[in-house]
K.L.:
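First the structure, then my questions, so here it is.
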Amino acid sequence: MAEVSNKQVKLRDYVVSGSPKESDMVVTSTTTKLKLPEGSKGVLVKNLYLSCDPYMRGRMSKSHDISYVEPLKPDSPIAGYGVARVLESGDPNFKEGDLIWGITGWEEYSIINEIHTLFKIHDTDVPLSYYTGILDFIPPFLPSLQPNKGLNLSLYLFTLTPLPSLQPNKFVGMPGITAYVGFYEICSPKKGEYVFISAALGAVGQLVGQFAKLSGCYVVGSAGSSEKVDLLKNKFGFDDAFNYKEEPDLDAALKRYFPEGIDIYFENVGGKMLDAVLQNVREHARISVCGMISQYNLEQPEGVQNLMNLVWKRVRMEGFLVFEHYPLYPKFLEFVLPHIKEGKIVYAEDVVEGLESAPAALIGIFSGRNIGKQVVVVSHE
């Protein structure tokens, strides 16, 4: 059988400290036969969409201590979530032509042997940009889920990411249920409360803001550009938003936007922003700690000065990992699906074309270059 070119994005070597750079990855090309090895039980796929997520920074370091996900392997294609089409299958659950979602390689073609990380996407007779069967998967622990139509394929990389396995190191990159758990289960919002979201135009933050508005809350978000601020207010329905880069005094900024104080803070940033929030919380406020992207690349994390306000104001601050809350997945779907179909929940996607654009796209999410969920298009077929 003739060989074909297979472009790949590999991790050059582990990132010891500081911010990752595009040069920490290398775009290369090899050749491969579009044929499974004899006796293989895996699947050969053509990759179509790849997801760039903040958790991948931890995977670029050798230490297991700084990430809840196992490290990537140097000189091997980067692995992450993606959408692909099956070219050949050694597993009876998949056949040639199937669209699948799961863990795949940052390359044009991949052989995937961990079949438990994959889910079949049904209703393939529609354009991939408007996939109509976004929920056509029935994980073993959610047997009651039924196919649903009318949803965009790109939501597989965004709102309705399925659960690939009941192993902690597989639970990453699921913004929809992360937003749901962090806001509703951790913060227990009440109508009329004051909600602040940092990194509010990120994959999780933009959903939290919309959930808060649906709950009747007053919502303000912070972002890193005027364009993002405009989107938060005009597309996502935030009551207000500000560019944190233009605020020399974050404490003063929060007092301006929340003269009565903050009831709920959805934490995505950490550092100085968290410190400022602690100066502006109301009594019995709740802080849901989803991430701290400002700290991921620091050799010495920033300290927080105002923790005693947790005591004075009787504030509850709680971190979470979404895999511990997956029994809530049916409840999440019941809540979110009608809102998506009715257009009450929207999303922003930042799409780049080609594997050669993937390193810059991944690095860009750590400096806020992306506007919305970062997706790489490998092929339009």
Side-chain angles (χ1 to χ4, degrees), residues 17-18 54-55 57-58 65-68 178-200 202 204-205 208-209 211-212 215-224 232 238-322 324-325 366 368:
S17 62
Y55 82 89
R57 168 61 184 92
D65 298 334
I66 65 172
S67 178
Y68 53 91
T178 299
Y180 180 85
V181 167
F183 185 64
Y184 286 107
E185 300 299 320
I186 305 295
C187 294
S188 302
K190 303 178 186 66
K191 184 177 181 179
E193 288 192 312
Y194 300 102
V195 176
F196 176 52
I197 304 157
S198 57
V204 175
V208 175
F211 292 169
S215 301
C217 298
Y218 178 82
V219 185
V220 176
S222 66
L232 290 172
F238 282 53
D239 293 287
D240 218 330
F242 64 91
N243 182 353
Y244 71 90
K245 295 178 181 178
E246 296 178 352
E247 299 290 347
D249 187 336
L250 291 174
D251 177 35
L254 291 177
K255 283 181 167 57
R256 188 167 73 249
Y257 287 98
F258 294 98
E260 302 297 323
I262 297 169
D263 292 298
I264 292 174
Y265 173 45
F266 199 94
E267 166 68 301
N268 290 309
V269 170
K272 294 180 176 64
M273 185 66 81
L274 174 59
D275 232 3
V277 168
L278 291 172
Q279 289 285 70
N280 289 275
V281 287
R282 304 180 79 185
E283 292 182 355
H284 304 291
R286 287 86 71 204
I287 299 175
S288 178
V289 184
C290 176
M292 294 188 177
I293 197 168
S294 73
Q295 306 299 293
Y296 294 165
N297 297 317
L298 299 182
E299 295 185 30
Q300 183 62 45
E302 294 175 320
V304 178
Q305 305 296 316
N306 298 311
L307 287 173
M308 197 60 194
N309 285 335
L310 297 176
V311 179
W312 305 136
K313 300 292 183 67
R314 284 86 73 201
V315 175
R316 182 162 64 88
M317 181 173 174
E318 182 176 345
F320 68 101
L321 292 178
V322 72
E324 295 180 336
H325 299 272
F366 300 109

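Note: hydrogens, waters and symmetry copies are ignored here, and every other heavy atom, side chains too, is used.
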K.L.:
Might you work through the side chain to side chain contact (heavy atoms under 4.5 Å, CB included) test for Asn280 and Phe258, ending with a clear yes or no?
P.N.:
CA-CA 8 Å; Asn280 289 275; Phe258 294 98; 5.7 Å; no

K.L.:
Considering all heavy atoms of both residues, which atom of Phe266 and which atom of Cys290 are nearest to each other, and what is their separation?
P.N.:
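For Phe266 versus Cys290, the nearest heavy atoms are CE2-CB, 3.5 Å.
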
K.L.:
What residues, two or more places apart in sequence or in another chain, satisfy side-chain hydrogen bond (donor to acceptor under 3.5 Å, both in side chains) together with Asp240?
P.N.:
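By the side-chain hydrogen bond (donor to acceptor under 3.5 Å, both in side chains) rule, Asp240 matches no residue at all.
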
K.L.:
Side chain to side chain contact (heavy atoms under 4.5 Å, CB included) between Met292 and Leu274: does it pass, once the steps are laid out?
P.N.:
CA-CA 9 Å; Met292 294 188 177; Leu274 174 59; 4.0 Å; yes

K.L.:
Partners of Asp239 by side chain to side chain contact (heavy atoms under 4.5 Å, CB included), sequence neighbours excluded?
P.N.:
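In terms of side chain to side chain contact (heavy atoms under 4.5 Å, CB included), with neighbours along the sequence ignored, Asp239 is linked to Lys213, Tyr218, Val219.
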
K.L.:
Restricting to ring-ring contact (aromatic ring centres under 6.0 Å, His included), what partner residues turn up for Tyr184, sequence neighbours left out?
P.N.:
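Per chain and number, Tyr184 pairs via ring-ring contact (aromatic ring centres under 6.0 Å, His included) with Tyr180, Phe211, Phe335.
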
K.L.:
Can you confirm whether Leu254 sits close enough to Gln279 that some side-chain heavy atom of one is under 4.5 Å from a side-chain heavy atom of the other?
P.N.:
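They are not in side-chain contact.
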
K.L.:
Only counting residues at least two apart or in another chain, list the ones meeting side-chain hydrogen bond (donor to acceptor under 3.5 Å, both in side chains) with Lys245.
P.N.:
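In terms of side-chain hydrogen bond (donor to acceptor under 3.5 Å, both in side chains), with neighbours along the sequence ignored, Lys245 is linked to no residue.
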
K.L.:
Is there a side-chain contact between Ile287 and Ile262, using heavy atoms and a 4.5 Å cut-off?
P.N.:
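No; the side chains remain at least 4.5 Å from each other.
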
K.L.:
Hey, mind stepping through Ser294 and Met273 against side chain to side chain contact (heavy atoms under 4.5 Å, CB included) and telling me if it holds?
P.N.:
CA-CA 9 Å; Ser294 73; Met273 185 66 81; over 6 Å; no

K.L.:
Scan the side chains in residues 185-198 for donor-acceptor partners under 3.5 Å anywhere in the protein, sequence neighbours excluded, and list what turns up.
P.N.:
residue: Glu185; atom: OE2; partner: Lys331; partner atom: NZ; Å: 3.4
residue: Glu193; atom: OE1; partner: Lys190; partner atom: N; Å: 2.9
residue: Glu193; atom: OE1; partner: Arg286; partner atom: NH2; Å: 2.6
residue: Glu193; atom: OE2; partner: Arg286; partner atom: NH1; Å: 3.1
residue: Glu193; atom: OE2; partner: Arg286; partner atom: NH2; Å: 3.2
residue: Ser198; atom: OG; partner: Tyr265; partner atom: OH; Å: 2.9
residue: Ser198; atom: OG; partner: Asn268; partner atom: N; Å: 3.1

K.L.:
Please identify each residue that fulfils side-chain hydrogen bond (donor to acceptor under 3.5 Å, both in side chains) with Glu302, with sequence neighbours left out.
P.N.:
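Partners of Glu302 under the side-chain hydrogen bond (donor to acceptor under 3.5 Å, both in side chains) test: Lys272, Gln295.
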
K.L.:
Closest approach of Leu232 and Ala223, non-hydrogen atoms and distance?
P.N.:
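Result for this residue pair: CD1-CB, 4.0 Å.
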
K.L.:
For Asp275, check salt bridge (charged side-chain N to carboxylate O under 4.0 Å, His left out) against everything at least two apart and list the hits.
P.N.:
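Once residues adjacent in sequence are excluded, Asp275 has no partner under the salt bridge (charged side-chain N to carboxylate O under 4.0 Å, His left out) criterion.
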
K.L.:
Which residues satisfy the side-chain hydrogen bond (donor to acceptor under 3.5 Å, both in side chains) test with Glu283, sequence neighbours excluded?
P.N.:
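Residues passing side-chain hydrogen bond (donor to acceptor under 3.5 Å, both in side chains) with Glu283: Arg314.
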
K.L.:
Which atom names give the shortest non-hydrogen contact between Ser215 and Phe183, and what distance separates them?
P.N.:
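Shortest heavy-atom separation between Ser215 and Phe183 comes out as OG-CE2, 3.9 Å.
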
K.L.:
Measuring from Arg316:CZ to Ser288:OG, what's the distance to the nearest 0.5 Å?
P.N.:
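Those atoms lie 8.5 Å apart.
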
K.L.:
If every non-hydrogen atom of Gly221 is compared with every non-hydrogen atom of Phe238, which pair is closest and at what distance?
P.N.:
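So the minimum-distance heavy-atom pair works out to N-CD2, 3.6 Å.
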
